[in-house]
Amino acid sequence: MRRLDQLLSNLGYCSRREARGWINQEMVKIKGVLARDADQRCNESDVTVEDQPLDNPDGLLLILNKPLGHVCSHDIGEGARVYDLLPERWQRRNPIVTSVGRLDQDTTGLILLTDQSMLVHKLTSPKHKVPKVYRATLDKEVNEAERNAMVILFASGNLLLSGETEPCLKAELKWLTGTAAELTIIEGRYHQVRRMFASQGYTVTALHRTRFGSLELGELALGTWRLLPLNQSFT
Ligand code: URA
């Protein structure tokens, strides 16, 4: 049971002060009966605002196809944020909606957003080793011998990135063309995919994430999102 004004404010409906106004204006009901006080205790599922049930009161988990140029940071000084693509009310929720790991500003594709901090910890923990699949486009053609050598090196678990002391975990590289490849990694180091190709003398000119664990982006258009069940499986 939670205080009514706190519940409405945490779900991004209004401030706690505004909640009192909404109650006085008879906009809020509990179990179909007009709410009386802001400090009334209630269950999320019993509350309606203008006769509508509350918006995802148990939490949010969504898959977003991140467009170019958006950042996963919450800092408004860093430019357009992935959170700006969500309904405004969700942007006012507490706990806040945050990304599960990050994609670079110049990377597109699958990113999970949630207000479930336990899920963020679980899915980003090195212990969990969730496979993430990226499609990378390179700045120049890689010849066949080099392509094969790169497959072996990336799979070896011996690739040491500059400035690091631990080699990358084994990664699976599949070439799609002479300049495009699909790379599956089970960790998430800073700029990892770009740095793996940079270590071999290639610049990634486009990077797109297509899969996170068992979850695929599918037909979701760039810049759009879809709600997932809170108990979504990723294995
Ligand atoms: N690796 C990168 O280099 N960038 C990303 O955004 C994700 C993985």
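Values below: every heavy atom of this structure, side chains too, minus hydrogens, waters and symmetry copies.
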inquiry  = Tell me if a side-chain donor or acceptor on Q105 pairs with a main-chain N or O of H70 at a distance below 3.5 Å.
reply    = no
ask   = Do R89 and D55 come close enough that some side-chain heavy atom pair is under 4.5 Å?
value = yes
Ignoring hydrogens and angles, write down the donor-acceptor pairs under 3.5 Å from the side chains of residues 106-114, residues two or more places apart or on other chains.
{"residue": "T107", "atom": "OG1", "partner": "R194", "partner atom": "NH2", "Å": "2.7"}
{"residue": "T108", "atom": "OG1", "partner": "L207", "partner atom": "O", "Å": "3.3"}
{"residue": "T108", "atom": "OG1", "partner": "H208", "partner atom": "ND1", "Å": "2.7"}
{"residue": "T114", "atom": "OG1", "partner": "L60", "partner atom": "O", "Å": "2.6"}
{"residue": "T114", "atom": "OG1", "partner": "Q116", "partner atom": "N", "Å": "3.0"}

Minimum-distance pair of heavy atoms, taken over all atoms of C72 and S99 = CB-OG, 3.6 Å
key: Pairs where residues 11-59 contributes a residue and the test ring-ring contact (aromatic ring centres under 6.0 Å, His included) is met, not counting sequence neighbours   = none
ask   = Looking at side-chain heavy atoms only, is the closest gap between L64 and V82 below 4.5 Å?
value = yes
query = Run the side-chain contact (heavy atoms from CB on, under 4.5 Å) check on C42 and R2 step by step: do they pass?
reply = CA-CA 5 Å; C42 54; R2 292 160 70 184; 5.6 Å; no
inquiry  = Can you pull out every ring-ring contact (aromatic ring centres under 6.0 Å, His included) where at least one residue sits in residues 82-133? Sequence neighbours excluded, please.
reply    = H74-Y83, W90-W225
query = So how far is it from N43 CG to L7 CG, rounded to the nearest 0.5 Å?
reply = 9.5 Å
key: Selection residues 132-175 - residue pairs positive for ring-ring contact (aromatic ring centres under 6.0 Å, His included), sequence neighbours left out   = F154-F197
message = Looking at I76, I'd like to know if its CD1 atom is crowded, meaning that more than 12 non-hydrogen atoms belonging to other residues, nucleotides or ligands lie closer than 6.0 Å.
response = no
Sequence neighbours excluded - side-chain hydrogen bond (donor to acceptor under 3.5 Å, both in side chains) pairs with any residue from residues 155-174 = E164-R189, E164-R195
ask   = Minimum heavy-atom separation for R226 to E216, with atom names?
value = NH2-O, 4.3 Å
ask   = Are any side-chain N or O atoms of N65 and backbone N or O atoms of L220, one a donor and one an acceptor, separated by less than 3.5 Å?
value = yes
task = Please say whether more than 12 non-hydrogen atoms of neighbouring residues, nucleotides or ligands are located less than 6.0 Å from CD in E144.
result = no
Any pair counted as side-chain hydrogen bond (donor to acceptor under 3.5 Å, both in side chains), so long as it reaches residues 26-37, sequence neighbours left out = K29-D51
